[in-house]
Amino acid sequence: MTTRSSLTIVLAAGEGTRMRSSQPKVLHPIAGQSLLAHVLTAAPNGAGAALAVVIGPDHGPVADEVKRVRPDAATFIQRERLGTAHAVLAARQAIARGADDLLVAFGDTPLISAATFARLRAPLKDGAALAVLGFRAADPTGYGRLLVEGERLVAIREHADATPEERAIDLCNAGVMAFDGSKALEVIEKIGNANRKGEYYLTDAVTVVRDMGLEAVVIETSEDEVRGINTKAQLAEAEQVMQARLRQAALEAGVTMIAPETVYLAADTTFGKDVTIEPFVVIGPGVSMADGAVIHSFSHIVQASIGKNASIGPYARLRPGTSLGEGVRIGNFVETKAAVLEAGVKVNHLSYVGDSDVGANANIGAGTITCNYDGFAKHRTTIGAGAFVGSNSSLVAPVKIGTGAYIGSGSVITRDVPDDALAVERSQQTNREGGATKYREIKTRGKAPKKGG
Ligand code: UD1
Ligand code: MG
């Protein structure tokens, strides 16, 4: 437990031209969350942990993402991109406020963990002025090399400035650093730009610290944790690393997956006890699965809460705003969106349930469609508890099906059906002149048949 205060500065002002995208680099997602969100979530949080993000000019959407993920963070704009040390100084105001530890991380290095931030801070407590996160690179090309003498870090040499001997070193700078907060500003302000690119390199902090007679150290981590993302290929590699982590965590939490390598999870997916996920399932952001939920193969789920013992798919698509109660059954080729299905509802085959509220134990027959869109606006469908909707029915919203009502197969329901009514409404036709709508047969008669009788 550290009681030291911290300021974490996340650098995200880069253009990311190599992504070949109109979207700022740090907004690209892995595991359903932006690169930036991953870093902001791993950074120290809570009392005494301040956060600042340095973004480029015209990066409004990046500022919005910062607000969404960490409303406590301050954003600073770096108007000219003159290097990583220059970028840190864009947040000078925040640094000047003072913190025991000053951490610097990159917005395009999303796999960093909270534990590593903590590990990097530890040497500061013991008197080091600077701790640098290092890793052994399979291919060090492009990275800054860490020059060490015994335990001590002497300098970081950027690839462009390195001699052939220095380029042979595989111990590289991950880009994450921790400074003694009382000296950080003085150190970073001393950094010049006498190098091949004429940039202010944050990596020169090491020699500055050494010239001041202070200590700089290296903390090593795995390459997988510090992969920087500059291209779509690297984005895909990072996705694989993150998916492997999420699958492992899910298995450890007791989720059953017989082919975990085929299941895609999101960073925020939550599971109850005894959840089963069959092969080839894709889970997007905002999904929770309660105890005993079973997700059958080839299902695609985004922003949905799945109740206890619910069964989904195979081949189901749950879209944002889906909320399923206990024991709900969603079968093959069923799509739901902005739909609340209470306990025991069954939608077993070939249906679309959108903008809908479905009461407990209602049975939605094969091929039922809630016609929520009239070409201009979306409307809601309400289906009462225990209602039975016959196969191949269209429920034209806004419409209410009463509790316990029985809708005959092939109905096109355009007006509310009372509780317990038996409704058969068929063959809606538009006359040849394109005028008024006619119904050939509309019946609302008697009581719905009692189930099982
Ligand atoms: C940097 C390190 C290098 C390290 C590597 C790890 C420096 C000088 N070099 O090199 O030692 O091995 O990361 O991935 O620090 N940024 C700004 N403003 C700027 C310049 C950069 O905000 O003016 C941001 C970028 O958006 C990015 C980060 O800083 O998030 C790193 O910049 P980048 O240009 O990718 O540095 P590298 O050449 O990769
Ligand atoms: Mg980089």
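Scope of the values below: all heavy atoms of this structure, side chains included, with no hydrogens, waters or symmetry mates.
- Between the side chains of K346 and N361, no donor-acceptor pair is found at a separation under 3.5 Å.
- Take E326 and apply the side-chain hydrogen bond (donor to acceptor under 3.5 Å, both in side chains) test, not counting sequence neighbours, and it matches no residue.
- Partners of D416 by side-chain hydrogen bond (donor to acceptor under 3.5 Å, both in side chains), not counting sequence neighbours: none found.
- When each of E223, E225, E220 is paired with R136, the salt bridge (Lys or Arg N to Asp or Glu O under 4.0 Å) condition holds for E220 and for no other.
- Counting only distance, with no hydrogens or angles, the side chain of T109 and the backbone of I229 share no donor-acceptor pair below 3.5 Å.
- Listed by chain and residue number, M19, Q23, H28, K232 satisfy the side-chain contact (heavy atoms from CB on, under 4.5 Å) test with S21 (two or more places apart in sequence, or in another chain).
- Not counting sequence neighbours, R20 has no partner by the side-chain contact (heavy atoms from CB on, under 4.5 Å) test.
- Residues meeting the side-chain contact (heavy atoms from CB on, under 4.5 Å) test with A49, sequence neighbours left out: S6, P44.
- Defined by atom type and a distance below 3.5 Å, a donor-acceptor pair is missing between the side-chain atoms of E199 and H86.
- Scored by the side-chain hydrogen bond (donor to acceptor under 3.5 Å, both in side chains) test, R97 finds no partners at all (sequence neighbours excluded).
- At least one donor-acceptor pair closer than 3.5 Å links the side chain of R247 to the backbone N or O of V263.
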In a table with atom names and distances, give each donor-acceptor pair under 3.5 Å that connects a side chain of residues 391-405 to protein atoms at least two apart or in another chain.
residue : atom : partner : partner atom : Å
S393    : OG   : G390    : O            : 2.8
S393    : OG   : G408    : O            : 3.4

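- Residues in residues 375-388 take part in these salt bridge (charged side-chain N to carboxylate O under 4.0 Å, His left out) pairs, two or more places apart or across chains: D357-R380.
- Sorted pairs that involve residues 271-290 and meet salt bridge (charged side-chain N to carboxylate O under 4.0 Å, His left out), not counting sequence neighbours, are lacking altogether.
- Taking the side-chain contact (heavy atoms from CB on, under 4.5 Å) definition, one finds that R319 meets it with R317, E335, K337, Y352, sequence neighbours left out.
- Identified under the side-chain hydrogen bond (donor to acceptor under 3.5 Å, both in side chains) test for residues 249-268, with sequence neighbours left out: Q248-E252.
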List the atom pairs, donor and acceptor, that lie under 3.5 Å between side-chain atoms in residues 299-309 and the rest of the protein, sequence neighbours left out.
residue : atom : partner : partner atom : Å
S299    : OG   : H296    : O            : 3.1
S299    : OG   : A316    : N            : 3.3

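- Ring orientation note: the planes of F135 and Y143 are nearly perpendicular, at an angle over 60° on the 30°/60° scale.
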Assess the residue pair D224 and S222 against the criterion (side chain to side chain donor-acceptor pair (under 3.5 Å)); give the C-alpha distance rounded to whole Å, side-chain angles, the decisive distance to 0.1 Å, and a yes or no. CA-CA 5 Å; D224 273 347; S222 74; 5.4 Å; no
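- Defined by atom type and a distance below 3.5 Å, a donor-acceptor pair is present between the side-chain atoms of D374 and H379.
- For the 3.5 Å distance criterion, the side chains of N372 and T370 fail to qualify, holding no donor opposite an acceptor.
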